[in-house]
Q: 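Have a look at the structure that comes next, please.
Numbers restart at 1 for each chain; the letters A, B, ... are given by sequence-line order, proteins then strands.
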Amino acid sequence: MSDRIVTRFAPSPTGFLHIGGARTALFNWLYARRTGGTMLLRIEDTDRERSTEPAIEAILDGLRWLGLDWDGDVVFQYARAARHREAAESLLASGRAYRCFATPQELEEMRDTARREGRAPRYDGRWRDRDPAEAPAGVKPVIRLRARQEGETAVEDGVQGRVTWQNKDLDDLVLLRSDGNPTYMLAVVVDDHDMAITDVIRGDDHLTNAARQTQIYDAFGWSAPRFAHIPLIHGPDGAKLSKRHGALGIEAYRDLGYLPAALRNYLVRLGWSHGDQEIFSDEEMVAAFDLGSVGRSAARFDFAKLENLNGHYMRAASDEELVDRIEGLLPVLGPSRGLGTTFPAVVRARLLVAMPGLKERAKTLVDLLDSAYYLWAPGPLALDAKAASLVDDAARDRLAALRPRLDAVAWEPAAIEAAVRGFADEVGAKLGQVAQPLRASLTGRATSPGLFDVMVVLGRDESLARIDAQAGRPVIAASQPVA
RNA sequence: GCGCCCAUCGUCUAGCGGUCCAGGACGUCGCCCUUUCACGGCGAAAACACGGGUUCGAUUCCCGUUGGGCGCGCCA
């Protein structure tokens, strides 16, 4: 195989880019990049009723967000309808296709009776050898493939291996609709051929189509591309992915706070493996990817593992990138949290400083944003239930007693820590008895990043003001709302 | 109904006839670290769907059963 690899991702714009489509795109991309080949993008919009402009945008945006780039211009299938028609006509001329005058109602009845009698609901070939002169008036015909009825059709699949069908089990599919528009079957074959696609990598719901398409390639006298049908992704319950579980558009994963790199890593390991390796940089997955190691059974989508991976990639990401990413999410997350669509400079600066401690504890960007609440919370700080229970009378007394010491200490982690530890020793308290009320006063939560780092990020004035607010003393320095 | 595909811990998977009383990861549960929560470290429980073959020997090969999935449109 010394020819240059050309793959394609060919979604139909009838909805957003779902997770299965994203993985198909990823596999095509990896396979092309691996071999130094190209990946083309074709929008299969021949269904004029259901194809929409917003869906096209959503798919393109989704691919860009995921970091999957394609080569050349996007091909719109419907724009090639004339070429498809011409191809169908050529088959008519060569006798490999024929006109069928059966009406939709007629076909429906045909399928109904077949089902009722326990036969496969297929077209019975009633116009295959009938004289078109007998055509009923007023019926616009479709063009059907004159498929071979004897023998078998085999597909050598890169993932599934050799799969064969008896031709008698395949019927004469429609190539051109009565309105003159091509069907999916015709359009894919003609386009893949014209675009010189060498490898068709798609979901295994298309496996049977590969057989029918092979018949069409034969009719044209063209050689078929290599096929690779990858298993589908199922929901956590093993059933087909539906809106109920993971069948969210790729943008939903973005809004849930997942990183593109984490999603790529999660997706590539769903159905594919490389020994015991779990973490793959883009370079590593491109270098290691191969179709032969793709499994043949469907995989269930597992959010827990995605979260774990996301945590890994967040910890590895730079503080700047993380701040930028959560800011990018503000338009969707901000409003419900009393935040605008961008971070005020003060908040941004605090976030940057606090990020090392924050990112260690978050699984998603949403967690990250929420865990940073104390950085911009307006005073007086509201404590959540757990935090409030930490601040009892004894705690209040300790906070009040500790307060003057903090006022005097140099405002850097080690010095603050020494002061707090020294204070705990003196009053005979465990560090936790001082630290937890302190944490609650400063962050409003029972958990947070390292206490002394939090205090430094907040600054002396703000820290003392928050302590005073809980210790029951007059508020000396005003708590400054920053958002 | 017909055709095709699939079947290892709860989940993703390694395994391509003996190295497997089955390995890794996520999750779960302990312990350690520790001002909290995470992170990190250590450890534990947890699987070859079932039945027949083939073979000196099957998780690995074949057949069947069961279970699951996909397809059977003038949708893609």
Q: Under 4.0 Å between any heavy atoms, over every strand shown, what does A/Leu451 touch: base, sugar-phosphate, or nothing? Just pick one.
A: base
Q: Find the distance A/Asn310:CG to B/rA38:P and express it as a whole number of Å.
A: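 Checked: the CG to P distance equals 17 Å.
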Q: How far, in whole Å, is B/rC12 from B/rA7 if one measures between their P atoms?
A: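 The answer is 12 Å between these two P atoms.
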Q: Provide, to the nearest angstrom, the distance between the NZ atom belonging to A/Lys386 and the P atom belonging to B/rC37.
A: 9 Å
Q: Rounded to whole angstrom units, what separation is found between the CG atom of A/Asp367 and the P atom of B/rC37?
A: 17 Å
Q: Got a sec, which pairs hit side-chain hydrogen bond (donor to acceptor under 3.5 Å, both in side chains) with one end in residues 411-434 of chain A, sequence neighbours left out?
A: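 Counting only pairs at least two positions apart or across chains, the side-chain hydrogen bond (donor to acceptor under 3.5 Å, both in side chains) contacts touching residues 411-434 of chain A are A/Arg405-A/Glu426, A/Glu417-A/Arg421.
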Q: For A/Glu49, does the CD atom have more than 12 heavy-atom neighbours from other residues, nucleotides or ligands under 6.0 Å away?
A: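 For A/Glu49, atom CD is not crowded (no more than 12 foreign heavy atoms under 6.0 Å).
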Q: Given A/Asp172, which of A/Trp127, A/Tyr123, A/Tyr98 fulfils the side chain to side chain donor-acceptor pair (under 3.5 Å) condition?
A: A/Tyr98
Q: Could you please name the option among B/rU36, B/rA76, B/rU35 that lies closest to any side-chain atom of A/Ala435?
A: B/rU35
Q: Just call it for A/Arg111: base, sugar-phosphate, or nothing, with non-hydrogen atoms closer than 4.0 Å on any strand.
A: sugar-phosphate
Q: Checking all strands, does A/Ser371 fall into the base, sugar-phosphate, or nothing category for heavy-atom contacts under 4.0 angstrom?
A: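 Nothing, no nucleic acid heavy atom in range.
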Q: Within the structure shown, what part of the strands sits under 4.0 Å from A/Arg144 by heavy-atom distance: base, sugar-phosphate, or nothing?
A: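 Here A/Arg144 touches the backbone only, sparing every base.
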Q: Is it the case that the side chains of A/Thr153 and A/Asn167 hold a donor-acceptor pair, with the cut-off being a distance below 3.5 Å and no angle test?
A: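 There is such a pair between these side chains.
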Q: With sequence neighbours excluded, what pairs up with A/Ile56 under the side chain to side chain contact (heavy atoms under 4.5 Å, CB included) test?
A: A/Pro13, A/Ile43, A/Glu53, A/Leu60, A/Phe76
Q: Send over the distance from A/Leu145 CG to B/rG73 C1', rounded to a whole Å.
A: 16 Å
Q: Using purine N1 to pyrimidine N3 plus N6-O4 or O6-N4 for Watson-Crick, or N1-O2 and O6-N3 for G-U wobble, both under 3.5 Å, which nucleotide pairs with B/rG1?
A: B/rC72
Q: Of the nucleotides B/rA76, B/rU35, B/rG40, which one has an atom closest to the side chain of A/Arg439?
A: B/rU35
Q: Give A/Phe452 one of three labels, base, sugar-phosphate or nothing, depending on what nucleic acid heavy atoms sit under 4.0 Å from its own.
A: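 Answer is base: heavy atoms of A/Phe452 come under 4.0 Å of a base.
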Q: Under 4.0 angstrom, heavy atoms only, what part of the nucleic acid is A/His206 near: base, sugar-phosphate, or nothing?
A: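 Answer is base: heavy atoms of A/His206 come under 4.0 Å of a base.
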Q: Does A/Arg116 reach a base, just sugar-phosphate, or nothing at all? Heavy atoms under 4.0 Å.
A: nothing
Q: Once side-chain hydrogen bond (donor to acceptor under 3.5 Å, both in side chains) is applied, do any residues pair with A/Glu360, and if so which ones, sequence neighbours excluded?
A: none
Q: In whole Å, measure the gap between the C1' atoms of B/rC48 and B/rC9 for me.
A: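 So the two C1' atoms sit 10 Å from each other.
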Q: Tell me, do A/Glu284 and A/Gln277 make a side-chain contact under 4.5 Å, heavy atoms counted?
A: yes
Q: Of the nucleotides B/rC74, B/rA76, B/rU36, which has the atom closest to the A/Val142 side chain?
A: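 Ranking B/rC74, B/rA76, B/rU36 by closest atom to the A/Val142 side chain puts B/rC74 first.
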Q: Rounded to whole Å, please give me the gap between CZ in A/Arg300 and C1' in B/rU13.
A: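 Computing the A/Arg300:CZ to B/rU13:C1' distance gives 14 Å.
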Q: Could you check how far OH of A/Tyr184 sits from P of B/rC72, rounded to whole Å?
A: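 Value for this atom pair: 11 Å.
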Q: Kindly point out which of B/rC39, B/rC74, B/rU36 is positioned nearest to the side chain of A/Gln436?
A: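 That would be B/rU36.
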Q: Sticking with atom P, work out how far B/rA14 lies from B/rU60, rounded to a whole angstrom.
A: 15 Å
Q: Roughly how many Å apart are B/rA49 and B/rG10, using the P atom of each and rounding to a whole number?
A: 12 Å
Q: What residues form a side chain to side chain contact (heavy atoms under 4.5 Å, CB included) with A/Ala298, not counting sequence neighbours?
A: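 Here the qualifying residues are A/His234.
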Q: Please state the P separation for the pair B/rU66 and B/rU28 - nearest whole angstrom.
A: 38 Å
Q: Counting the atoms with a prime plus P, OP1 and OP2 as sugar-phosphate, which does A/Ala102 contact under 4.0 Å by heavy atoms, base, sugar-phosphate, or nothing?
A: base
Q: I'd like to know if A/Arg361 reaches the base of B/rC37 with its side chain, counting only an N/O donor and acceptor under 3.5 Å.
A: yes
Q: Centroid-to-centroid, A/Tyr253 to A/Phe301, below 6.0 Å?
A: yes
Q: B/rU11 pairs with which nucleotide, Watson-Crick or G-U wobble, both distances below 3.5 Å?
A: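 Checking every strand shown, B/rU11 finds its partner in B/rA25, with both distances under 3.5 Å.
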Q: Minimum heavy-atom separation for A/Tyr184 to A/Gln213, with atom names?
A: CE2-NE2, 3.6 Å
Q: Hey, which sits more toward the 5' end of RNA chain B by its nearest nucleotide, A/Gly432 or A/Ala10?
A: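 Whichever sits nearer the 5' end wins; that is A/Gly432.
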Q: Give the rounded distance in Å between these two atoms: CZ of A/Phe303 and C1' of B/rC12.
A: 15 Å
Q: Just grab all the salt bridge (Lys or Arg N to Asp or Glu O under 4.0 Å) pairs involving residues 286-302 of chain A, residues at least two apart or on different chains.
A: none
Q: Both distances below 3.5 Å, Watson-Crick or wobble geometry, any strand: find the nucleotide opposite B/rG18.
A: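 For B/rG18, the partner nucleotide comes out as B/rC56, under the 3.5 Å rule.
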Q: What is the distance, rounded to the nearest whole Å, between atom CH2 of A/Trp272 and atom P of B/rU11?
A: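 In whole Å, B/rU11 P lies 22 Å from A/Trp272 CH2.
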Q: Can you check the distance between B/rA38 and B/rG24, where both ends of the measurement are the P atom (answer in whole Å)?
A: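 Taking atom P in both B/rA38 and B/rG24, they lie 24 Å apart.
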Q: Please identify each residue that fulfils side-chain hydrogen bond (donor to acceptor under 3.5 Å, both in side chains) with A/Glu109, with sequence neighbours left out.
A: none
Q: Just jot down the side chain to side chain contact (heavy atoms under 4.5 Å, CB included) partners of A/Ala219, sequence neighbours excluded, or say none.
A: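 Applying side chain to side chain contact (heavy atoms under 4.5 Å, CB included) to A/Ala219 gives A/Leu91, A/Arg96, A/Leu145.
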Q: Using atom C1' of each nucleotide, how far apart are B/rU59 and B/rC16 to the nearest Å?
A: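 To the nearest whole Å, 11 Å.
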Q: Provide the Watson-Crick or G-U wobble partner of B/rG67, both distances under 3.5 Å; none if there is no partner.
A: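 Partner of B/rG67: B/rC6.
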Q: Assign A/Gly450 to base, sugar-phosphate, or nothing according to its heavy-atom contacts below 4.0 angstrom with the strands shown.
A: base
Q: Distance between the P atoms of B/rA22 and B/rC62, in whole angstroms?
A: 25 Å
Q: For a quick check, with a 4.0 angstrom heavy-atom cut-off, what is the B/S/- contact string for nucleotides 1-9 of chain B, read 5' to 3'?
A: BSBSSSS--
Q: Should A/Phe27 and A/Trp272 be marked as a side-chain contact (heavy atoms from CB on, under 4.5 Å) after you check the CA-CA gap, both sets of side-chain angles, and the distance that decides it?
A: CA-CA 10 Å; A/Phe27 281 20; A/Trp272 176 80; 4.2 Å; yes
Q: Heavy atoms only, 4.0 Å cut-off, all strands: where does A/Asp171 land among base, sugar-phosphate and nothing?
A: nothing
Q: For nucleotides 23-34 of chain B, read 5' to 3', which letter fits each nucleotide if B means a protein heavy atom sits under 4.0 Å from the base, S means only the sugar-phosphate is that close, and - means neither?
A: BBBSS-------
Q: How is A/Thr447 classified with respect to the nucleic acid when contacts are heavy atoms under 4.0 Å: base, sugar-phosphate, or nothing?
A: base
Q: What nucleic acid atoms does A/Leu390 come within less than 4.0 Å of, heavy atoms only: base, sugar-phosphate, or nothing?
A: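 Since no nucleic acid heavy atom lies under 4.0 Å of A/Leu390, the category is nothing.
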Q: Is the phosphate of B/rA14, meaning OP1 or OP2, less than 4.0 Å from a side-chain N or O of A/Ser273?
A: yes
Q: Does B/rC39 have a Watson-Crick or wobble partner in any strand here, with both distances under 3.5 angstrom, and which is it?
A: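 WC or wobble partner does not exist here.
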Q: With both distances under 3.5 Å as the test, what is the Watson-Crick or G-U wobble partner of B/rC33?
A: none
